[in-house]
Number of protein chains: 2
Amino acid sequence: MQPRATLHDVARLAGVSAKTVSRVYSGSSSVSPETRERILEAAKRLHFRPNTLARNLRQGGKTATVAFVMGDIRNPFYFQVAAGIEQELTKNGFTMLLASTGDAPESEPVVVDALLRQLVRALVLIPIAGDQSYLEGERHLGTPIITVDRPANDLVADTVVLANRSGMAEAVRSLTALGHRRIGFISNPSEMYTLTERLAGYRQALAEAGVADSSSWERLGNDRAISPESQVRSLLDSDDPPTAIVTGNNRATMGALRELKARPEEIALIGFDDFELAEMLGISVVAHDPIELGRAAGRLAIERIEHHAGPTRLIEIPTRLVKRGSGEIPAPGPRAD
Amino acid sequence: MQPRATLHDVARLAGVSAKTVSRVYSGSSSVSPETRERILEAAKRLHFRPNTLARNLRQGGKTATVAFVMGDIRNPFYFQVAAGIEQELTKNGFTMLLASTGDAPESEPVVVDALLRQLVRALVLIPIAGDQSYLEGERHLGTPIITVDRPANDLVADTVVLANRSGMAEAVRSLTALGHRRIGFISNPSEMYTLTERLAGYRQALAEAGVADSSSWERLGNDRAISPESQVRSLLDSDDPPTAIVTGNNRATMGALRELKARPEEIALIGFDDFELAEMLGISVVAHDPIELGRAAGRLAIERIEHHAGPTRLIEIPTRLVKRGSGEIPAPGPRAD
DNA sequence: TACCGAATGTCCATCGTTGACATGCGGCTG
DNA sequence: CAGCCGCATGTCAACGATGGACATTCGGTA
């Protein structure tokens, strides 16, 4: 197994000095076309590839990699986000270092530290630990830090999130416009921030329609042992059952679907998060584009790498209410104004 | 903006030589407890983080990263694979560099080259270019190369694939056991290798049941302009319509579902690839575990990094026929033996 | 003729870390 | 007490590429 070819090997074979080879690869000053040709020829023969480690080291740790740290790696949402980030990075000549915390808050600093040792040029993070203040030092060293899907805690950082609140409010408003007042909110145990935002949007829209207290229709799924199905069941079997339901996320929608399918009632349903068969099944949803969320984060990272300046930014990715039928069932009976 | 602290800064503050600090971090030889304590104290105060670039350079390019190159980044299948790879890598102290070719064959060598310059310790690749012989040189330098989902062309490399052929054969056999003989095969334009394998499994199982020529029931989707829906339509509207259909991949299943839903005929259906709502909809499928596919690739990469030796390996990840109803509809009328 | 710019070379330093080797010192053995 | 051992630590060069400062050669031009 022969060792990897270096600049010097190429120089020797091409009969030039190492400096000239370096000039060809870094494009710093001019090299005559014939020499360049000869060098590239030699490089090809030796399978030469410039050593990025050495170059980056020499240039003071200016790598072309950006780290993305996400939670549970099996969550398709995060991967969509990753896809968006990767698209933007690649387009700009950066590559992505990917790591996951496995949804264990205590592993976040460890994983992040390992990546920062590689001198990534920016850090994109889906915060999972309760506190990101450990990144304060790195931020002072000039590494852009961008959180996605939710803001960081105890750290000043750019943030890209979905329009959770307004998206949910829009959905609920479309239901109140059809006469619904008793609207259930079902959620899975899920991320605090997005849940509270969506819940706030729900309450706000209900308040606008004159419903001040919705607590008896809220099923927030704080207990992991309770399935969304059973929450829908308890809601519909209660004394004052809702005529419509909104769900706080994908899995809650799936649960609600399963339960509603097994029941005679005609309940309006709008889910948060789109899914592949929603169209075929006629399910109305608050759709959003996770890839775009990632793209926005990627663009922001690159912008920050190129011009550090500027105040912290919060970007909201808009959602879209997609009406497919399930959310357009009017409230039964006389309008309960 | 102060510069990053180095070993020397820590050494100066702790009143020792840089080498001693290095020893603390690399754990190579012993340092007295008091000295170690003093050094860690100084390091913490300076927010010191060892520079991986320098370390790896010094150690002859032995990084702890593995590259994964995939095709279309929006394909959820690939991300599941990526998740599996990442799991195994992280467990073993490696991190993953992720890049996509955007399904453009000509960009594969470019993307791969960029990653190899970073001196990755292994390359996991979903081949998309027609020819991977350009990796021959790198292979000789000792970099393990592992292809996933399909074998490389013109390159000796370890490979991890699904049991496409036997999985499809099992599905078709379950249909022939129910009396079906006229079984349609629908595919989307998709990757050559997996398609031909699945098709071979289909033909083989039909042959076992005495059907020698199935070509009139095959719709291979070579033309991107033709939707799976219309293929199902043309199949069912033909002179000799099938009584059952198998699909070659997820998107073909979706198309078939849409079309079958709109028709009166009761056609048995088994899809290749599982999907979220398949259970609710009662769709039988040939299921497989993309995460496991990734894990196997990750494990193989690590094994190769640790002990290079050994002949090339081909690993097949088993599939599982999941019966949910749609594939258990018996053939109508008298058995058409 | 003298000067100019382009193309290339020489030489050395540098990025941050570590391997090879050296040093100093206290303790144990014969 | 000489001689040796091993621990804790230090010195120096090297990993591969590049930047700076400068020298050299050569053909062209004022």
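Naming convention: chains lettered A, B, ... in sequence-line order (proteins, then strands); numbering from 1 in each chain.
Using a 4.0 Å cut-off between a side-chain N of Lys or Arg and a carboxylate O of Asp or Glu, A/E197 and A/R150 do not qualify as a salt bridge. A salt bridge does not link A/E41 to A/K44: none of the charged nitrogens lies less than 4.0 Å from a carboxylate oxygen.
OP1 or OP2 of C/dG9 has at least one side-chain nitrogen or oxygen of A/S17 nearer than 4.0 Å. Distances shorter than 4.0 Å separate none of the side-chain N or O atoms of A/Q59 from OP1 or OP2 on D/dA17.
Proximity note for A/K19 (side chain, C-beta onward) versus C/dT10, C/dA7, D/dG16: the nearest is C/dT10. Closest to the side chain of B/V16, out of C/dT18, D/dG16, D/dG10, is D/dG10. When distances are taken from the side chain of B/R58 to each of C/dA20, C/dG9, D/dA13, the shortest belongs to D/dA13. Candidate nucleotides C/dG9, D/dT18, D/dG16 were compared by shortest atom distance to the side chain of A/S22, and D/dT18 ranks first. Of the candidate nucleotides D/dA17, C/dA7, C/dT18, D/dA17 has the atom lying nearest to any side-chain atom of A/T6. Across D/dG16, D/dT9, C/dA7, the shortest atom-to-atom separation from the side chain of B/S32 is found for D/dT9.
The six-membered or imidazole ring of A/Y25 lies near that of A/F48, with a centre-to-centre distance under 6.0 Å.
The base of D/dG16 does not come close enough to the side chain of A/R4 for any donor and acceptor atom to sit less than 3.5 Å apart.
In the model, B/T95 has a side-chain atom that pairs as donor or acceptor with a side-chain atom of A/Q118 under 3.5 Å.
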